**Student:** 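Can you keep this structure in mind? I'll have questions shortly.
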Amino acid sequence: MNKFFKSLVVLAALTMFSSPAAAQLNGFVSLDGPAFGVRVGLNYAAAINPSTTLTFGVRYNFFISPSSPSSAKVFGGAELLLSDKLAVGAQVIIDIDSIGLGNTVGLTLRPYVSLILVTSSNFGLVGTLTLNTPILPSFGLQPALAIDGSYLTGALRADFGAEANFTVVPYFGFDSVIAYLHGSYQLSDSLGLFAGTAFAFAGGSFGLTNNVYGQDYDGIYAGLNFALSNAITVRAVGGYFGRANFTLTTAFRL
């Protein structure tokens, strides 16, 4: 699946397959450095029947530096469970870049099919075939094949995956292979540690990449989560992706 949605990892997907949730609202506010940008996001998901889930969301990125213009993203989607292992869905994504300057608008349709390949009490493996279809500013077909896994034992959890990206239209070619590994350890009910990294092979070169596991996680990183309550969590992340970076995020759910 697209990098933007990679934080929806496998165990969460397995839960959705087995028992669709009622309506959920969650969001976050992040401070990013050293560029000192502010990101805000809001997500809403609702199971309209036992096999169909609708999702909606919005992101807004604001940077203090005038050399980094603001951007926004609005998305909506639906997922249909065809069986206890197979799901199909689609997302519509609107991107607005260079807000206040060029106001560039992008529109992407993203149908996908996901299949649970392996599942047990503490291990899951999901394969996803996605057809990224940019419509604006220009048309394209960009299929991606991803394998995502998650392993849980006691307080330790590991998430991992790899994805191959291609372009079919306007030309045929190989774009990249990306891979990520994210590990976390829960020290207590409220405090957890995590670390991870992501790499990509693209354009004949191999190196660190970003936004694969989630937008807070760039290159090679480590951090901690602290639950202030059942509804509010604070996350601090430090990492390296070409230069040192940090993110402080407050996430909430209702």
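Note that the coordinates shown come from a computational prediction; the quantities given were computed from them, not determined experimentally.
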**Student:** Got a sec, which pairs hit salt bridge (Lys or Arg N to Asp or Glu O under 4.0 Å) with one end in residues 197-219, sequence neighbours left out?
**Tutor:** R39-D216, D216-R235
**Student:** Indicate the ring-plane relationship of Y213 and Y217, choosing parallel, tilted or perpendicular according to the 30° and 60° boundaries.
**Tutor:** perpendicular
**Student:** Are side-chain N/O atoms of S30 and T247 paired as donor and acceptor at under 3.5 Å?
**Tutor:** no
**Student:** Who clusters with F166? Use side-chain heavy atoms, under 4.5 angstrom, across I, L, V, M, F, W and Y, and order the result by chain and number.
**Tutor:** F174, V177, F199, F201, F206, L208, I220, Y240, F241
**Student:** Does anything in residues 134-143 form a salt bridge (Lys or Arg N to Asp or Glu O under 4.0 Å)? List the pairs, not counting sequence neighbours.
**Tutor:** none
**Student:** Any side-chain donor-acceptor pair under 3.5 Å between R157 and S150?
**Tutor:** yes
**Student:** Is the number of heavy atoms from other residues, nucleotides or ligands under 6.0 Å of N103 CG greater than 12?
**Tutor:** yes
**Student:** Is it true that E163 and Y180 share a donor-acceptor pair across their side chains at a distance under 3.5 Å?
**Tutor:** no
**Student:** Identify the residue among L109, T108, V74 that makes a side-chain contact (heavy atoms from CB on, under 4.5 Å) with V92.
**Tutor:** L109
**Student:** Side chains of P34 and N245: closer than 4.5 Å at any heavy-atom pair?
**Tutor:** yes
**Student:** Identify which one of F28, F62, Y60 satisfies the side-chain contact (heavy atoms from CB on, under 4.5 Å) criterion when paired with V40.
**Tutor:** Y60
**Student:** If I compare all heavy atoms of T167 with all of Q142, which pair ends up nearest, and what's the gap?
**Tutor:** OG1-CG, 3.9 Å
